[in-house]
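What follows is a set of notes on a single structure, which appears directly below.
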Amino acid sequence: MGNLVGYGQHNRLRWAAYSPSAGEIHYGPPNNAPKEENLADGFGAPFSPFYVADEIDIQHCISISDWWRKLLAKDLSESVVPIAKGPIKRLHRLISETGPNVYPSGFFDCTVEVLKLFISDQGTHSLFVTDYTPSPGSGSSSKSWPASLNEYVMQFELWDEAARVAEVIMKPGEYYKINNARMKINNSGYMEGKVKEGKITQLEEDDAESDTHLKALLRRKQEWNSKNNTDVDLFQLIQDAEMGKFFDCIVEVHCPFLFLTSFLTSMKLLHIELKPYQMPRLYLTDYSGNSSVAATCGDEFWARGLEGRIIKIMLDEEQKHIAESATIGTVLSVRKLRLKNNAVENGICGILGGGEKLIVPMNLNRIDNVRLQDLIRYV
DNA sequence: GGTTACGGT
């Protein structure tokens with residue numbers, strides 16, 4: 001005989017007994033043990049140590065007991081019948097449909113929006129996602145998303161190849177198809193996904209035309225946004241900006257002019273200023289005016305007629321790359337922007353840094369974004 | 001696309 005190894009998750013064993021004489025499944029002598037409990041003091045995942053046998057399990061128990069009876073009678077002509085199993089097929093599931101015991105054995109494919117990726121130096125990363133369906137027992141909360149989204153957020157632990165892929169490609173706000181994830185209950189008693197293989201593909205919003213799962217996710221996102229009054233697609237205008245407060249906007253890339261956001265805003269890129277050894281500067285407008293946060297642009301051609309309607313953003317860290325790839329005249333959405341007086345710049349500007357995806361070119365074909373359609377009309 | 005399946009603060 002070769003090595004026979006059984007694998008199981010820590011402290012998650014479930015059991016049932018079969019009585020050949022009674023011909024039925026049982027759980028030992030009568031007792032007062034609770035049938036099922038929500039772990040984590042009632043806030044986590046429901047768990048029962050009692051396995052519920054299905055028809056295939058019971059048939060298998062019967063064939064084993066028949067075999068044993070024949071063995072005792074020294075009749076070894078028949079061997080044990082293996083459990084009849086059809087081909088195992090993984091299914092695409094909503095987060096709300098998943099569970100550690102959901103067929104097949106908790107495995108599933110899913111389509112999600114990334115909210116936050118925590119890179120761990122242990123090499124196993126924590127990913128927080130939503131598909132805008134409820135996530136009972138998940139117990140996730142973080143300042144990285146609105147508290148009202150907590151009930152829709154699921155944590156995934158990324159091991160091995162999955163972690164390597166995610167750390168290279170995944171950014172908050174992006175959509176991904178994740179294949180061969182598995183739902184489990186973690187050691188704290190909360191529901192948690194686990195991904196080991198690098199079967200992770202990014203999806204663009206345009207893919208929704210052919211991808212029904214992404215299309216449905218975007219529809220649920222839109223519904224969730226309208227219900228929760230935090231529509232991340234309904235951006236603030238420059239005229240709504242307050243000095244020192246975060247806001248999100250859509251802008252047009254002009255000259256040295258950009259915007260600020262804490263949610264999302266659309267602005268047209270007017271101008272990009274690149275100087276050696278300096279942070280790149282973006283100049284943006286959404287055509288609304290706000291002299292208290294506007295940048296001074298002098299008599300530059302790209303700023304003509306837009307006095308008091310242009311903002312300046314400096315790009316630090318990972319945000320610098322935007323300046324190399326952005327095209328003048330495109331409409332960008334900008335998140336987590338804060339306009340402040342900058343002594344070095346001698347005026348008001350925002351600084352964007354970090355590794356999060358804060359500046360994204362807008363999909364001008366999206367007709368469900370009212371603010372964006374308004375802006376396009378100017379352009 | 002078939003087969004696997006463990007885990008650690």
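A note on names: the letters A, B, ... follow the listed sequences, proteins ahead of strands, and every chain is numbered from 1.
For residues 21-37 of chain A, the side-chain hydrogen bond (donor to acceptor under 3.5 Å, both in side chains) pairs, not counting sequence neighbours, are A:S19-A:S21.
Checked options A:N179, A:T111, A:T212; the residue passing with A:H92 is A:T111 (criterion: side-chain hydrogen bond (donor to acceptor under 3.5 Å, both in side chains)).
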Mind listing the side-chain donor-acceptor pairs of residues 152-160 of chain A below 3.5 Å, one per line with the distance, residues two or more places apart or on another chain?
unit_1, atom_1, unit_2, atom_2, d
A:Q155, NE2, A:E157, OE2, 2.8
A:E157, OE1, A:S126, OG, 3.4
A:E157, OE2, A:S126, OG, 2.7
A:D160, OD2, A:K196, NZ, 2.6

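Judged by distance alone with a 3.5 Å cut-off, no donor-acceptor contact links the side chain of A:R90 to the base of B:dT4. With hydrogens and angles left out, the side chain of A:E157 and the base of B:dG7 share no donor-acceptor pair within 3.5 Å. In terms of polar N and O atoms assigned as donor or acceptor, the side chain of A:K196 comes within less than 3.5 Å of the base of B:dG7 in a complementary pairing.
Both A:K89 and A:Q9 sit near DNA chain B, but only A:K89 has its closest nucleotide nearer the 5' end. Each of A:K199 and A:H125 has a nearest nucleotide on DNA chain B; the 5'-most of these lies closest to A:K199.
For the pair A:K194 NZ and B:dT4 P, the computed distance is 15 Å after rounding to whole Å. What separates CG of A:D160 from P of B:dA5 is a distance of 11 Å, to the nearest Å. Rounded to an integer number of Å, the gap from A:H10 NE2 to B:dC6 C1' is 13 Å. Computed from coordinates, the A:E197 CD to B:dG2 P distance equals 13 Å when rounded to whole Å. Going from atom CG of A:N11 over to atom P of B:dG7 covers 11 Å, rounded to whole Å.
Under the rule for a side chain to side chain donor-acceptor pair (under 3.5 Å), the partners of A:E197 that lie at least two apart in sequence or sit in another chain are A:N180, A:K199. The side chain to side chain donor-acceptor pair (under 3.5 Å) search around A:E324 returns none, not counting sequence neighbours. Every residue two or more places apart in sequence or in another chain was checked for a side chain to side chain donor-acceptor pair (under 3.5 Å) with A:D316, and none qualifies.
The stretch residues 179-193 of chain A comes close to DNA chain B through A:N180, A:R182, A:E192, each having a heavy atom under 4.0 Å from the strand.
A:G8 comes within 4.0 angstrom of sugar-phosphate atoms only, judged by non-hydrogen atoms across all strands, and of no base.
Nearest to the side chain of A:F107, among B:dT4, B:dC6, B:dG8, sits B:dT4.
Using a 5.5 Å limit on the distance between ring centres and a 30° limit on the angle between planes, the aromatic ring of A:W159 counts as stacked on the six-membered base ring of B:dG7.
Atoms CG and NZ, from A:D211 and A:K177 in turn, are 7.5 Å apart once rounded to the nearest 0.5 Å.
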